[in-house]
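So you know, we letter chains A, B, ... as the sequences are listed, proteins then strands, and number each from 1. For clarity, every value in this text was computed on a predicted model and none was experimentally measured.
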Amino acid sequence: MRISMEGAGALLLDIAGPVFDECLQRRIWDAAQQLEREAAIIQAVPGVNNLLVTFDVLHSDPDEMTRVVQKVWKQATPHAISGREIEIPVIYDGETGEDLAVLARHAGLCVAEVIKLHASARYSVAAIGAMPGFVYLTGLDSRLALPRRDTPRLKVEKGAVIIGGGHAGIMPCTAPSGWHVIGHTDVDLFDPSRSRPCFLQLGDSVRFVDVT
Amino acid sequence: MIEILTGSALNTVQDLGRPRAMTMGVARGGAMDACALMVGNALLGNDAHDAGIEIAFFPFRVRFHKRVNLALTGACGPVRLDERMLPANWAITAQPGQVLAIAPPLRGARMYLAIEGGIDVPVVLGARSTDLKGGFGGFHGRALNKGDMLPCHPASMMIPEGGYGLAVPLSLPCAEETVVRILPAAEYEMFVPQARAALQSGIWSLTPSINRTGYRLDGPSLDLAVPLGLFSHGIVPGTIQVPPSGKPIIQMADANTCGGYPKIATVVEPDLRLLAQSSVGSIVRFVEVTREEVVTEMRAQALRSEQLIVELASLRRTLIPWRSQSCPA
C-alpha cells in the first residue's frame, strides 16, 4: 500500500501490483463508500487498483486524513456490488474500427477472430473516470491487450469502441485518445440530464454484441 | 441580457466548478483563476458560486441590454465602458446600450466579467461552469459566440458613480518568470536524480499547447530510472505528468479526472491561478515546498477572502450617499 500526495488537498492510495486484481478492486469500492461518509472528504474516486481521495484542506488535517485512509483501507472488505448485465451493440468494420487490422496483426489473428474475442468476453466496470461517463472495463482477452498508441489521436469520435492496454472502453464524447479504435456503438454513455448521468456504473457487467 | 459581440472558442461561462463530480469522470472545471472570479463576485455582493465570463481571448466586447452592475477582475489591460476607461479590478454600473470593450491584457492572461446576481444559466451537476469536453453547463455547453444573449439580472445594488474597486491589485505573474510551488507526487522518486534536480533548477517555458485542459512545457527532459506502466488513477488540476517524451504536462481545470502517465509533482492549489494568468512563452520555475506551508497559506487566504467580502460590503455603504442606498432586504 502506497499513499502519496496530489497537492495539499488530495491523497492517492495505490495498491496495484503488476497485474489487475479484481478482489482488490472490490475492496477499493468498499473503501471509497466508507471514506465518502467522512465529513472532511470531498470525494473518493476509484481508479484501477487505486483510489484518489480529495478533502477539505481548510477544515481538516492532511496527516489525519492519511491516517483515516489507512484505517479505512485496512478494514475494507471486497464489496459485493450486484451490478446489472448490459449489452452494448457494436458495429465492427474497417470504417468504424480503423485499428482492427493493427490489433489483428499484433495478436497474430485475423480480424474476424479479434471481433469474436472482443464480443465473447464478459467485462466488468472497474472504474469510472477520465471523461464524463467513461468506464475502464476489465476482462479483456489478454491476446487483445495492446499498449496505447505512442502518439494519441487528437480526435476520437463519441461512440468509438476502444482498447487501451489491458482495458476495453467506449468513448463517451469526442476527445483526444491514445486507445485503439475497433468499432462503434450508438449507446450514450453520459447524459447530465439523466438522474444517473453515467449509463454504466461500478460493478456492472458488459457484453459487446456484434451487430455489424 | 448581455450580448456577445466577439466570439471565441476560449471564452466561457465559469463558476467554481464541480469538485463533487469526479466520480462520474467529470472535470472539476471552473474559473482557472478562481481568486479573480471570487473578487469580482465580492465587489458585486454576489454569492461566491455565482457564474461569470472567463475571458481568455481578446479583444472581447459585449453590449448590455439592460442596466447591470458588472465587475472586471484578473488580468490588467485597457478596458472601456463606451468612452470611459476602467481601472483594473473595478465594479461599475452599465446603462442599457453601453458597450464594454476589453483589449488584450498588458499583464496576466485571463479576465473575469462578473455581473450582479451572476450569469443566469442553469445549474448542471451542481455548477454553472461550461464543460467543453462533455458539452454541458455554461451557455448551452459551449464557448461564447458572437450574437449570444446571456441572461442576467438587472442592477439592484447602488454602486458609486464611476464605480469602485480594489486599491491593491491581485497578484499577477511578473513578466520575467512565474515561480510556482510544487509538492512531490507518487512517482517523484522513480525519476533519475538529474530529472528531480532539473525540475527545480530548470527553466521551463509554456509551449503554444496551453489551454484549460493542460499546459505543455518545454525544458530539460525528465527521465524515469526505468519505464513505468501505471494503471489509470485519479488526478487533480496541478498534477505534473511526464509522458514518454520526457516533457511535462501540467493538468489544469478541465483535465481528465484519470490518467496513466507518471506524476513527478503537483503544483499547489494556490499557485494554479498564477499559471492561469501566464501566456505562451512565459518562463516558469518550480520550487518545492512543504504541505504544511501550503495548508497554512490556503487557510490564511480563505480568511482574507472572507474579510474582503465583509469589508467590501461595508465600503459600498460608506461610498454611496445614504439617500440613494437601496433598501436593505
Side-chain angles (χ1 to χ4, degrees), chain A residues 2-10 12-14 16 18 20 32 36 42-54 57-59 61-63 126-136 147-148 150 152 164-167 172-176 178 189-193 196-198 202, chain B residues 19-28 124-125 131 133-137 141 182-189 213 229-239 243-245 255-260 263 265-270 272 289-299 301-303:
Chain A
R2 303 170 293 278
I3 294 184
S4 57
M5 291 185 281
E6 286 206 15
L12 181 66
L13 169 72
D14 190 358
F20 173 74
E36 289 219 327
I42 299 170
Q43 286 222 291
V45 188
V48 180
N49 278 187
N50 53 59
L51 179 64
L52 177 76
V53 180
T54 61
V57 182
L58 303 181
H59 303 104
D61 170 24
D63 291 326
I128 300 172
M131 296 165 271
F134 182 78
V135 293
Y136 293 89
R148 298 169 195 198
D150 286 342
H167 296 296
C173 54
T174 299
L189 284 194
F190 189 81
D191 180 351
S193 67
R196 293 177 102 182
C198 295
L202 290 181
Chain B
R20 291 178 188 275
M22 271 188 89
T23 46
M24 289 188 278
V26 173
R28 181 185 298 174
V124 181
L125 303 179
D131 187 306
K133 191 168 24 184
F136 60 85
I182 53 171
L183 288 171
E187 284 74 49
Y188 178 78
E189 297 287 345
T213 304
L230 301 175
F231 288 140
S232 290
H233 49 268
I235 50 175
V236 296
T239 300
S245 69
N256 280 1
T257 62
C258 277
K263 308 164 292 304
T266 312
V267 173
V268 302
E269 292 86 336
L272 284 173
V289 288
T290 64
R291 181 165 64 182
E292 290 65 35
E293 272 175 72
V294 181
V295 171
T296 305
E297 184 185 320
M298 286 172 76
R299 288 176 184 164
Q301 267 185 12
L303 207 62

Below 30° counts as parallel, above 60° as perpendicular, anything between as tilted: where do the rings of Phe190(A) and Phe136(B) land?
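The rings of Phe190(A) and Phe136(B) sit tilted, inter-plane angle from 30° to 60°.
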Drop me the distance from [X]'s [atom1] to [Y]'s [atom2], to the nearest 0.5 angstrom.
{"X": "Met22(B)", "Y": "Ile128(A)", "atom1": "CE", "atom2": "CD1", "value": "12.5 Å"}
{"X": "Cys258(B)", "Y": "Tyr136(A)", "atom1": "SG", "atom2": "OH", "value": "4.5 Å"}
{"X": "Arg196(A)", "Y": "Met24(B)", "atom1": "CZ", "atom2": "CE", "value": "11.0 Å"}

What heavy-atom pair brings [X] and [Y] nearest, and what distance separates the two atoms?
{"X": "Met298(B)", "Y": "Ala8(A)", "result": "SD-CB, 4.2 Å"}
{"X": "Ala130(A)", "Y": "Lys133(B)", "result": "O-NZ, 3.8 Å"}
{"X": "Pro132(A)", "Y": "Val26(B)", "result": "CB-CG2, 3.9 Å"}
{"X": "Gln43(A)", "Y": "Ala21(B)", "result": "OE1-N, 3.4 Å"}
{"X": "Thr239(B)", "Y": "Glu6(A)", "result": "OG1-OE1, 3.8 Å"}

Pick one of side chain, backbone, both or neither for [X], based on which atoms fall under 4.5 Å of a heavy atom in chain A.
{"X": "Gln301(B)", "answer": "neither"}
{"X": "Ile235(B)", "answer": "both"}
{"X": "Pro184(B)", "answer": "both"}
{"X": "Ala27(B)", "answer": "neither"}
{"X": "Val124(B)", "answer": "side chain"}
{"X": "Thr23(B)", "answer": "both"}

Could you look at [X] and say if it's the side chain, the backbone, both or neither that has a heavy atom under 4.5 Å from chain B?
{"X": "Ala44(A)", "value": "backbone"}
{"X": "Ile42(A)", "value": "both"}
{"X": "Pro172(A)", "value": "neither"}

Could you tell me which of [options] has the largest number of non-hydrogen atom pairs under 4.5 Å with chain A?
{"options": "Val294(B), Leu125(B), Val268(B)", "value": "Leu125(B)"}
{"options": "Leu183(B), Val236(B), Asp131(B), Asn256(B)", "value": "Asn256(B)"}
{"options": "Gly134(B), Ala265(B), Pro19(B)", "value": "Pro19(B)"}

Return the option, out of [options], with the maximum number of heavy-atom pairs under 4.5 Å with chain B.
{"options": "Thr174(A), Asp63(A), Ile3(A)", "answer": "Asp63(A)"}
{"options": "Cys173(A), Ser4(A), Gly47(A), Gly7(A)", "answer": "Gly7(A)"}
{"options": "Leu12(A), Val53(A), Leu58(A)", "answer": "Leu58(A)"}

Residues forming a salt bridge (charged side-chain N to carboxylate O under 4.0 Å, His left out) with Glu189(B), sequence neighbours excluded:
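Listed in chain order: Arg196(B).
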Is a side-chain donor or acceptor of Arg299(B) paired with a backbone partner of Val57(A) at a separation under 3.5 angstrom?
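It does hold such a pair.
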Side-chain (Asn50(A)) to main-chain (Ser232(B)) donor-acceptor, under 3.5 angstrom:
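Yes, the answer is positive, given that a donor and an acceptor are paired below the 3.5 Å cut-off.
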Under the rule for ring pair (Phe, Tyr, Trp, His ring centres under 6.0 Å), what residues qualify as partners of His233(B), not counting sequence neighbours?
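Per chain and number, His233(B) pairs via ring pair (Phe, Tyr, Trp, His ring centres under 6.0 Å) with no residue.
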